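Computation of the quantities below employed the complete heavy-atom set of this structure, encompassing side-chain atoms and omitting hydrogens, waters and symmetry-equivalent molecules. From a predicted model like this one, the values you see are computed outputs, not experimental measurements. Protein chains get the first letters and strands the later ones, always in sequence-line order, with residue 1 at the start of each.
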Amino acid sequence: MSSNAQKSGFGATVWDYITSVDHKKIAILYLMSGGLFFLIGGIEAMMIRIQLMKAGNDFLSAGTYNEVMTMHGTTMIFLAAMPLLLGFMNAIMPLQIGARDVAFPFLNSLGFWLFFFGGIFLNLSWFLGGAPDAGWTNYASLALASESHGIDFYALGLTISGFGTLISGINFLVTIINMRAPGMTYMRMPLFTWTTFVASALILLAFPPLTIAIFFMVFDRLFGSHFFDVAAGGNTIIWEHLFWIFGHPEVYILILPAFGIFSEIFAIFSRKRLFGYTALVFATILIGFYGFMVWAHHMFTVGLGPTANAIFALATMIIAVPTGVKIFNWLLTIWGGSVSFATPMLYAVGFIPSFVAGGVTGVMQAMAPLDYQLHDSYFIVAHFHYVIVGGVVLAIFAATHLYWPKMFGTMLSEKLGKVTFWLFFIGFHLTFFIQHFLGLMGMPRRVYTFGADQGWDLFNAISSAGAVFMALGVIIMLVNVVLTTVKNERVGNDPWGDGRTLEWAIPSPPPFYNFAQTPLVRGLDTYWIEKMEGNKEGMIYAEPLGDIHMPNNSFLPVVMSFGLFVASFGALYHPDDLPWTIPVIVLGLLITFGSMLLRSLKDDLGFHIHKEDLIKDREGVKTDGH
Amino acid sequence: MAHDVHDYVRTKEEYEYVRRQRAQEMRHMLTSFAMMIFLTLIAFTAVAAGFSTYLIVPIILLLAAIQVVLQLYHFMHLSNKGSGTIAFFMFSGMFVAFIVILTFVTIIWW
Ligand code: HEM
Ligand SMILES: [Cu+2]
């Protein structure tokens with residue numbers, strides 16, 4: 001990447017990234033845009049905490065607070081956490097299974113651009129008459145009553161980015177099923193690949209219900225249908241069901257890859273094989289299945305009746321069992337290992353108590369009668385931040401440190417990394433631990449202010465102070481990224497020194513074809529096995545050196561996604577009786593389907609990298625990819 | 001990647017083997033075809049005999065499920081080697097859909 005890029009100037013580099021179908025570059029795009037949305041969501045979080053730092057504050061009006069709170073949740077889940085994880089999956093999973101790319105590189109790019117345009121569309125609501133304000137769960141009665149176009153931005157934006165996610169999920173599934181290197185059986189796959197696999201299966205099964213729900217919502221709001229409108233014979237509860245049939249698996253889509261990242265970290269930095277690999281794999285699959293049987297635990301207070309509540313309460317508690325299995329496996333991996341507390345390991349060790357706390361409050365909420373007390377209070381806010389920040393966000397930060405050298409060829413500063421960890425970790429517990437008690441003291445979630453006579457002042461002030469620590473941690477991490485990039489000290493294949501899986505056997509960053517020769521896998525932790533046997537090259541090969549067939553870059557995914565972006569504006573303003581809305585819908589769809597037609601009719605056969613160039617490349621002479 | 005065309009001539013044994021395989025497959029198809037017709041007959045009879053709807057509906061649904069499985073295995077070759085993953089994903093999807101429908105029917109619409 002780098003040498004070409006510097007040769008050909010800034011504009012050309014940007015163009016190269018925009019049109020790229022290389023999983024490693026798409027990963028970087030995910031990282032950059034996911035990171036951007038993470039910052040936007042973070043600013044919204046700070047606004048929430050400023051508003052709530054004292055009683056009766058008027059920093060935000062009630063209406064604006066609703067918008068900020070809604071956009072914070074929606075952005076963090078759909079536009080930050082998930083894309084950042086998809087970024088790491090893209091960067092690492094193909095390398096771990098010894099593949100040259102994902103199964104459908106073109107679709108990979110399309111998935112990214114759909115997500116990106118969906119996210120931009122959603123955020124444009126701030127400038128076009130108001131953001132969505134019915135919470136990230138967008139419950140129908142509230143959403144249908146919302147007057148601005150905010151909810152329409154939510155519905156259309158998530159439709160577009162949801163397609164992107166679905167496409168990526170299918171792509172990863174096909175990749176893992178079909179493109180594993182010879183010898184890489186399912187039970188030799190690294191855990192991050194396994195969790196990517198199961199999370200992708202969850203995406204495949206969970207996103208269609210969301211798409212349907214949002215589709216109904218779009219039709220109810222924009223085209224006069226009444227799926228959720230009780231007054232016209234609809235049923236508002238159906239939204240809640242559909243949303244949570246998606247929503248609960250969604251939280252596992254987030255946490256499973258996080259589990260995978262931590263599993264890699266525990267093994268690498270304990271210099272030990274993962275304890276109970278098989279149990280970890282089966283626990284992952286089991287969690288995936290259970291994830292679909294528990295959604296109604298979000299609806300205990302709706303009035304489903306005692307039988308339904310009891311069934312879903314039990315199912316929910318069962319899910320804690322495979323999760324517990326995992327925790328013990330990680331602890332036993334550390335046990336007796338020769339542990340090095342590098343930054344990723346700090347995050348991993350910090351993750352265990354934080355996530356366990358979140359799991360315990362989860363089981364408390366799973367008891368339906370108790371949940372009547374806890375539901376819609378700050379206790380719930382504390383629970384899901386413990387699992388999402390204490391699990392997913394810590395994993396994303398850990399992976400940033402762990403995989404930065406593999407993705408960019410430079411090592412983030414360990415010193416600044418540790419500063420970030422401690423600031424963020426302390427800030428996180430300071431912010432959210434106390435919210436459990438605010439909940440028990442009766443503070444409802446999603447309120448824009450509270451009175452001085454309610455006794456919640458001190459705890460809210462402490463919570464807001466914690467948020468400052470987290471923000472400082474993130475800022476130092478950004479500084480770290482900038483300093484590291486400016487210094488540009490290149491690192492070798494295995495910068496941590498204890499890599500176990502295939503991605504550490506190739507250069508950092510890898511050449512654009514990843515593996516000059518497909519590796520032959522002889523067991524779990526392939527690279528470790530080769531290292532232990534004294535193999536200097538780190539791999540043995542399954543094929544002789546030969547020409548490699550590669551796909552061409554393409555601008556079409558951007559055009560296809562842009563078409564849907566345009567059409568969404570038409571749909572959004574449709575109820576306003578403007579003359580141009582239908583033509584704009586048609587135009588947008590023409591752009592999308594036109595470019596799909598072009599893609600189908602025009603053969604794109606890709607190109608070959610010749611054997612001679614590969615040999616030159618190996619000897620250190622950079623070849624030009626195109 | 002190899003794009004060369006190989007001419008391949010089967011030996012006598014291979015030929016016999018393939019023939020036997022095909023004959024067996026054909027037998028399976030015919031049997032399941034007969035079974036399907038039989039199941040359909042049962043369904044029609046149940047309706048014609050005028051049993052209570054609470055009996056007929058579950059019976060028909062059950063028969064339909066059996067038919068789907070027969071169809072998948074004998075006509076769409078789900079039993080072939082290499083279809084394991086496909087089958088796993090398909091049945092997982094059906095399972096999830098089933099739970100959803102069951103919940104909707106029992107706690108929303110009952
Ligand atoms: C031991 C496992 C877990 C159990 C038993 C559990 C249980 C629950 C229950 C019963 C609720 C509903 C509470 C209410 O609204 O009254 C809930 C809410 C929630 N949980 Fe968990 N949970 C677990 C793990 C997780 C994980 C791993 C995540 C995410 C990574 C997560 C994310 C959430 C979110 C986001 C909500 C709130 C959704 C909302 O209303 O906005 N949970 N959990
Ligand atoms: Cu849940």
*Asks:* Has A:Phe282 got more than 12 heavy atoms of other residues, nucleotides or ligands less than 6.0 Å from its CZ?
*Replies:* no
*Asks:* Just wondering, more than 12 heavy atoms not from A:Tyr372 lying within 6.0 Å of its OH?
*Replies:* yes
*Asks:* Could you tell me which portion of A:Ile311 (side chain, backbone, both or neither) has an atom closer than 4.5 angstrom to a non-hydrogen atom of chain B?
*Replies:* neither
*Asks:* So which part of B:Val96 gets closer than 4.5 Å to some heavy atom of chain A, the side chain, the backbone, both or neither?
*Replies:* side chain
*Asks:* Does atom OH (A:Tyr186) have a neighbourhood of more than 12 heavy atoms from anything else shown, all under 6.0 Å?
*Replies:* yes
*Asks:* Just to verify, what does A:Ala542 make a side chain to side chain contact (heavy atoms under 4.5 Å, CB included) with, not counting sequence neighbours?
*Replies:* A:Pro182, A:Leu520
*Asks:* I'd like to know whether CZ of A:Phe289 has more than 12 heavy-atom contacts from other residues, nucleotides or ligands below 6.0 angstrom.
*Replies:* yes
*Asks:* Kindly indicate whether the side chain of B:Phe104, heavy atoms from C-beta on, has any atom under 4.5 Å from the side chain of A:Ile238.
*Replies:* yes
*Asks:* With a 4.5 angstrom heavy-atom cut-off, could you sort out which part of B:Thr106 is near chain A: side chain, backbone, both or neither?
*Replies:* neither
*Asks:* Would you mind checking which part of B:Ile99 comes under 4.5 Å of any heavy atom in chain A, side chain (CB onward), backbone (N, CA, C, O), both or neither?
*Replies:* both
*Asks:* Nearest 0.5 angstrom please: B:Ile107 CD1 to A:Leu304 CG, how far?
*Replies:* 4.5 Å
*Asks:* Give the interface residues of residues 20-29 of chain B toward chain A, defined by a heavy-atom separation under 4.5 Å.
*Replies:* none
*Asks:* Do A:Phe292 and B:Phe95 have side chains that get closer than 4.5 Å, going by heavy atoms?
*Replies:* no
*Asks:* Do the side chains of B:Phe89 and A:Leu173 get nearer than 4.5 Å, heavy atoms only?
*Replies:* yes
